[in-house]
Amino acid sequence: MLRPDQNRLNYGELLAPPATYHLDFAIGTTYSLDLDALVGATMALGLSAETDTNLIKNPVCLLEALKKTADKIALFCEAGQIHMPGNVTELYILLEKMVFSVALSGTKKNRHASFHPKFWLIRYKNDNGEIMYRVVVLSRNLTFDRSWDVTYYMDAYPSNEEQIENYPVCDFVRYLAKKWLSKDDCANEKRNRIYRICRELPMFKFEPTDYFTNFEFMPNNIPKYSGRDSENESGKYRIEETSLFQESFNELLVLSPFLSNGILKELQKKNGHMNSQRYRLFTRKESLTKLNPEDCSSFDIYCLKDRVVQGEDLLGEEKLENEDNQTSSEEETRSKIQKQDLHAKLYFSRKGADTRLYLGSLNASENGINNNIEFLICLKDRMKYHNLKMDDLCNQFFNGDENNPENPFEKVEIATINKQDKDESNDLEFVVKTLCRGGNKAVVDNNGNDYDCTLYFDETMLKIALNRLREIGGKATIRPLFAKVPEKELASDIKFSKLALLDLSVFYVLTVRNESGTVRRVVEIETDNLPENREDEIIKKVLNNKDCFYRYIAFLLGDDSVIGMLEVNSLQLDHNGTGKNSETFLPALYEKMLETAATHPEKLREIGSLLAVLNNGKSESDFTDGTYELFKQMYETFQKAVE
């Protein structure tokens, strides 16, 4: 179940529709977000393709995946935690419809609460109109981080009885739609879709898998609603009020990369009167530097061995020593090296014969429990059924016996861990989070041939951020994500001039730096007067030759046989550029369109919309080989035939 060397789950496979089903709507959450990883998720959801496939590098496939899923995905992330993509392309403008940043208010300790859940609720549908749901609860963000994570998923099918166990999920996604979706038409439609899901989901039954006989969904710090259709709050979901923090146990295992003294002390104290108490803690070594030994004295503590954490670094050194730089430079090799520490969050408890496994996004930290929005699932069982014990889990982590030389973990003592200096990157992150919590705005002005974009920052939050920058000797700059223009230093209003149409976006690059380091993030800023024709311009830019044009037609028709026809005729399509060779392909394509008109007429409407886009403002230089005109004539003939 949790053997790191065997029980692996592929993120893309978790999202991809089951056989015969397709994506109808998906609601996702993550703390940090890599836009490239989100593109991979759209491939899995929309095209059922692997997230690491080379299709991501194909602009035609990428265009189809993003267009196909833009209105069907609502992804919520922590404001200020969108990472810079490795390959910035204007196609990522289509991600604007999917991404919604969440900026929670500060806490009493002058810190920022975080939006921290990692979760998906996906509605699939087949051609017969049958519906199924999938819920995925993770500790993993939607990034390319290579740390060790854990996930669990279940599918749900229609039930004749109402499933009250689903109410916490309904309340969680209802809160997201009500509080964090914007007010534009696209977001309003998504809000309505989510509300409809909230009304429908209680009539679907989830079935737990593996060792478990029952389950409980556990959101943290979000409102409870008095009924499925009511928006009135009736209290909050609080993890500290659940069994994990209210009951005492005979056995307790805590796996958490980040810790707080108070939480471990509370868990230790609560179980002090129980007989046969056993405590085990799996965490990161750097987290132990902040703990008081007496607050976790009952725990046996384990961390990943250095050779595991630094495994890529060691392999990178070998690569550099054994290669003559034939495939990559030293700088490129080192830039790809990542540590592989723990990032999973998991809690196991046993009280008598009752066992529970909690997993999700929750760290054993004060902020996680008291301030952050989190999401867990509690999986329940009784030992007499499946005999799930703490030793079973530990043996899976240890790859056998604890003394096994292949055990990736080692037992450690807090006294042997060196204290670390203050992490000054936290100051830079504080500046980013502060700026993202202001009512920032941007306004676009059309100058005829180009555009100006002026940013206006919230005066209160800007003042706090600038004061902290002065304290740490830092500065902050910003620029539009897609514009190749110099960064400008942070101020109450900043103007970027002479921007092209595809330079405009709600995404901006915020860079905060001082002598200790640099933090660079993509931030969302509400931007008024964005031209409505940006998407059309992207389509024209991608479909700028006959091969791309016909491949996109094939995607719209949604049949691999069309791709096969393209490959057979590839030499004819690419041979001499006259366009006449395309005529041998058109009769077969015409026949395929007739078939599609009878089975999926909506796909033909998409082709008509595409031709309207390409025809609008089309220049004489586009498709000079006659491809567009040939297909347009065939399509018009086809339209008359089907009428």
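Since this is a predicted model, take the numbers as computed values, not measurements. Heavy-atom basis, side chains included; hydrogens, waters and symmetry copies ignored.
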For this session: Would you indicate whether Asn160, at its atom CG, is surrounded by more than 12 heavy atoms from other residues, nucleotides or ligands within a distance under 6.0 Å?
Result: no
Exercise. When you check the side-chain N and O atoms of Ser139 and Asp149, is any donor under 3.5 Å from an acceptor?
Worked result: yes
Exercise. Taking NZ, NE, NH1 and NH2 as the nitrogens, is one of them in Glu78 or Arg437 under 4.0 Å from a carboxylate oxygen of the other?
Worked result: yes
Problem set entry | Smallest separation among heavy atoms of Leu267 and Tyr279, with atom names | O-CE2, 4.3 Å
Exercise. In a check of side chain to side chain contact (heavy atoms under 4.5 Å, CB included) between Ile377 and each of Tyr152, Phe119, Phe206, which one passes?
Worked result: Tyr152
For this session: Using modelled atom types only, decide if a donor and an acceptor are shared between the side chain of Asn10 and the backbone of Glu13 within a distance under 3.5 Å.
Result: yes
Exercise. Got a salt bridge between Lys285 and Glu410, using NZ or NE/NH1/NH2 to carboxylate O under 4.0 Å?
Worked result: yes
Exercise. Quick check: does any side chain N or O of Ser256 sit under 3.5 Å from a backbone N or O of Lys345, one acting as donor and the other as acceptor?
Worked result: no
For this session: Verify, without hydrogens or angle tests, whether Asp300 (side chain) and Lys411 (backbone) share a donor-acceptor contact under 3.5 angstrom.
Result: no
Problem set entry | No-hydrogen, no-angle side-chain donor-acceptor test under 3.5 Å, Ser365 and Asn367 | no
For this session: Indicate whether the side chain of Thr434 and that of His112 have a donor and an acceptor atom separated by less than 3.5 Å.
Result: yes
For this session: Report the relative orientation of the aromatic rings in Tyr347 and Tyr358; use parallel for angles under 30°, tilted for 30 to 60°, perpendicular for over 60°.
Result: perpendicular
Exercise. Does Asn292 use its side chain to pair, donor to acceptor, with the backbone of Glu294 at less than 3.5 Å?
Worked result: no
Problem set entry | Test log, rule side chain to side chain donor-acceptor pair (under 3.5 Å), inputs Glu406 and Asn404 | CA-CA 5 Å; Glu406 297 302 316; Asn404 172 14; over 6 Å; no
Exercise. Would you say Lys190's side chain and Lys97's backbone share a donor-acceptor pair under 3.5 angstrom?
Worked result: yes
Exercise. Side chains of Ile27 and Ile197: does their closest heavy-atom pair fall under 4.5 Å?
Worked result: yes
For this session: Would you kindly say whether Lys118 and Asn141 are connected by a side-chain donor-acceptor distance under 3.5 Å?
Result: yes
Exercise. Taking the side chain as C-beta and beyond, is there a heavy-atom pair between Ile373 and Phe172 under 4.5 Å?
Worked result: yes
Problem set entry | Under 3.5 Å donor-acceptor, Thr143 side chain and Leu33 backbone | no
For this session: For the residue pair Phe375 and Phe217, establish whether any side-chain heavy-atom pair is separated by less than 4.5 Å.
Result: yes
Exercise. So, for Leu23 and Tyr124, which heavy atoms are closest and what is the spacing to 0.1 Å?
Worked result: CA-CD2, 4.2 Å
Problem set entry | Distance-only polar pair, side chains of Glu374 and Tyr31, donor-acceptor under 3.5 Å | no
For this session: Check for a donor-acceptor pair, side chain of Asp341 on one end and backbone N or O of Val309 on the other, with a separation under 3.5 Å.
Result: no
For this session: Verify the ring-centre separation between Phe398 and Tyr302: is it less than 6.0 angstrom?
Result: yes
Exercise. Between Arg278 and Glu251, is there a salt bridge with N-O shorter than 4.0 Å?
Worked result: yes
Exercise. Does atom NZ of Lys72 have more than 12 heavy-atom neighbours from other groups under 6.0 Å away?
Worked result: yes
Exercise. Should the pair Trp180 and Tyr175 be assigned to parallel (<30°), tilted (30 to 60°) or perpendicular (>60°) ring geometry?
Worked result: perpendicular
Problem set entry | Side chains of Arg521 and His83 in contact at under 4.5 Å (non-hydrogen atoms) | yes
Seminar exercise, completed: In terms of heavy-atom contacts, Ala344 and Pro257 come closest through O-CD, 3.1 Å
Problem set entry | Distance-only donor-acceptor check, side chains Arg238 and Asn220, under 3.5 Å | no
For this session: Determine, for Glu189 against Arg196, whether the closest basic-nitrogen to carboxylate-oxygen distance falls under 4.0 angstrom.
Result: yes
Exercise. Between Asp36 (side chain) and Pro85 (backbone), is there a donor-acceptor pair under 3.5 Å?
Worked result: no
For this session: Check the surroundings of atom NZ in Lys265: do more than 12 heavy atoms from other residues, nucleotides or ligands lie under 6.0 Å from it?
Result: no
Problem set entry | Distance-minimising heavy-atom pair for Gly352 and Asn250 | N-OD1, 2.9 Å
Problem set entry | Partners meeting salt bridge (Lys or Arg N to Asp or Glu O under 4.0 Å) with Glu524 (sequence neighbours left out) | none
Exercise. How far apart are the closest heavy atoms of Leu94 and Lys67, and which atoms are they?
Worked result: CD1-CG, 4.2 Å
Problem set entry | Exceeds 12 heavy-atom contacts within 6.0 angstrom, atom NZ of Lys125 | no
For this session: Answer yes when Arg123 and Glu200 have at least one side-chain N-carboxylate O distance shorter than 4.0 Å, and no when they do not.
Result: yes
Problem set entry | Lys205/Glu161 ion pair, N-O < 4.0 Å | no
Exercise. Any side-chain heavy atom of Leu142 within less than 4.5 Å of one from Trp120?
Worked result: yes
Exercise. Where the side chain of Gln246 meets the backbone of Glu240, is there a donor-acceptor pair that is under 3.5 Å apart?
Worked result: yes
Problem set entry | Sidechain-backbone polar pair: Asn166 side chain, Leu201 backbone, donor-acceptor under 3.5 Å | yes
For this session: Decide yes or no for Asn221 and Leu104: does some side-chain heavy atom of the first lie under 4.5 Å from some side-chain heavy atom of the second?
Result: no
For this session: Please say whether more than 12 non-hydrogen atoms of neighbouring residues, nucleotides or ligands are located less than 6.0 Å from OH in Tyr153.
Result: no
For this session: Identify the two heavy atoms, one from Gly80 and one from Val432, that lie closest to each other, and give their separation to 0.1 Å.
Result: O-CG1, 3.6 Å
For this session: Consider only side-chain N and O atoms of Asn126 and Thr20, and report whether a donor and an acceptor are under 3.5 Å apart.
Result: no
For this session: Measure the shortest side-chain to side-chain distance between Arg191 and Ile194 over non-hydrogen atoms and say whether it is less than 4.5 angstrom.
Result: no
Exercise. Are any of the side-chain heavy atoms of Tyr237 and Thr242 separated by less than 4.5 Å?
Worked result: no
Seminar exercise, completed: The reported gap from CZ in Phe430 to CG in Leu435 (rounded to nearest 0.5 angstrom) is 9.5 Å
